Protein chains: 2
Amino acid sequence: MKKIDILKKLRTSGLRPTKQRVEIARFLFEREKTFHFTVESLNKLLAKKTTAKISLATIYNTVHSFKTAGHLSEVEVRGNKSYFDTNVSNHHHFYDSETSELIDIDANDIVIQKIPKAPNGKKIKNVEVFINLKN
Amino acid sequence: MKKIDILKKLRTSGLRPTKQRVEIARFLFEREKTFHFTVESLNKLLAKKTTAKISLATIYNTVHSFKTAGHLSEVEVRGNKSYFDTNVSNHHHFYDSETSELIDIDANDIVIQKIPKAPNGKKIKNVEVFINLKN
DNA sequence: TTTCACTTTAGAATTATTATAAACTAGAAT
DNA sequence: ATTCTAGTTTATAATAATTCTAAAGTGAAA
Ligand SMILES: [Mn+2]
Ligand SMILES: [Mn+2]
Ligand SMILES: [Zn+2]
Ligand SMILES: [Zn+2]
């Protein structure tokens, strides 16, 4: 992903490209593979990777803006901490509770044959599969 | 579920049948259908239902003991609050984000045809499906 | 250069949960 | 029945994750 795309991510999130936001955006989006993270882990990684200091509040704010804009998704998986995901397409996850790690599963790699119909008056928004792992 | 079974739930959880614990256990287990709850919602419901005052700490402790003993399961579903489930068998859920409600889906009502194999050195512990609902 | 809306940040506040430690209670032993 | 004691309850403190607040900083445009 090029720098121009980073600026686009920010623009489409309604965010001005400040030093801090560009650092965060580059760290999140300039990568090949999906990145799963918590705000805590992102904060630590950013502190190691970059010279500039970025406050936790800015990380929370920026991550939420990206989520609202659809550039990040949130994965419900582990207790009382939020997990975020740079993969915003419809997909599934392995979850390794030993390491607290998520691994992507492509939507096409899981095929559901039989599914119940939604309760009265409701519709199905999406289906999420978690495959929990053990050693 | 009879009172004798309630006492068994407590005994098998390593808990003496105190007034508070019996109240909690009866409220959780003397019902036909699955009950999904948070500690907060359980606390409110118990406060309405019973005369005796039960402290929040006791509710947390008792719920955790039941979970450890396998009489309750925890469902990862909504942000930063824990959801518990009186259905401890392998099953799936509808999740209605409008009402924050879970609805059980019998394991047999979802059939998965194709599933990826676990990553190197890992095994599949279980598969959980969430069907998110909208209006 | 001044302006001013937007931004960052430290720290306070809030929420969910867990830990602590003093007062209480159920049984067992006398 | 009374005593004893390990287990229990509870208020409150501590912790953890997140959100809020308000003061200081920044930068593009006037
Ligand atoms: Mn979660
Ligand atoms: Mn959760
Ligand atoms: Zn993912
Ligand atoms: Zn359930």
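For clarity, every value in this text was computed on a predicted model and none was experimentally measured. We name chains A, B, ... by the order of the sequence lines, and we start the count at 1 in each one.
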Nearest-Å distance for atom pair CG/P, residues L46(B) and dT10(D): 11 Å
Closest listed nucleotide, where the reference is the side chain of K81(A) and the choices are dT10(D), dT8(D), dA17(D): dA17(D)
Whole angstrom value for the distance that separates P of dT8(D) from CG of N61(B): 10 Å
Nearest-angstrom distance from the residue atom CD1 of I59(A) to P of dT18(D): 12 Å
Distance, rounded to the nearest Å, where H64(A) contributes NE2 and dC20(D) contributes C1': 13 Å
Sugar-phosphate only, base, or nothing, as touched by T58(A) at under 4.0 Å among non-hydrogen atoms: base
Touch class at under 4.0 angstrom, heavy-atom based, for K53(B) against every strand present: sugar-phosphate
Whichever of R16(A) and V39(A) has its nearest DNA chain D nucleotide further upstream toward 5': V39(A)
Separation of atom CZ in R78(B) from atom P in dT18(D), rounded to whole Å: 14 Å
Geometric class of the Y60(A)/H64(A) ring pair [parallel <30°, tilted 30-60°, perpendicular >60°]: tilted
Whole-Å distance separating the CG atom of N43(B) from the C1' atom of dT10(D): 13 Å
Short N-O contact, E40(A) and K44(A), less than 4.0 angstrom: yes
Pairwise 5' ranking along DNA chain C for T38(B) and P17(B), keeping only the more 5' one: T38(B)
F84(B) ring center within less than 6.0 Å of F37(B) ring center: yes
T18(B), nearest nucleotide to its side chain (from dT10(D), dT18(D), dT8(D)): dT8(D)
T12(A) (side chain) donor-acceptor with K9(A) (main chain) under 3.5 angstrom: yes
Interatomic distance, L56(A) CG vs dA16(D) P [rounded to whole Å]: 14 Å
d(CD1, I54(B); C1', dT8(D)) in whole Å: 13 Å
Distance below 4.0 Å between Q20(A) side-chain N/O and dT26(D) OP1 or OP2: no
Using a 3.5 Å cut-off and no angle test, enumerate the donor-acceptor pairs between side-chain atoms of residues 108-117 of chain A and protein atoms at least two apart in sequence or in another chain.
| unit_1 | atom_1 | unit_2 | atom_2 | d |
| --- | --- | --- | --- | --- |
| N108(A) | ND2 | D106(A) | OD1 | 3.3 |
| K114(A) | NZ | N108(B) | O | 3.2 |

Carboxylate-amine/guanidinium contact K67(A) E74(A), below 4.0 Å: yes
Test item: P119(B) and I103(A) side chains (from C-beta on) under 4.5 Å apart, heavy atoms: yes
Side-chain N,O (Y60(A)) to OP1/OP2 (dT19(D)) below 4.0 Å: no
Range on DNA chain C touched by chain A - first to last nucleotide, heavy-atom distance under 4.0 Å: dC6(C) to dT17(C)
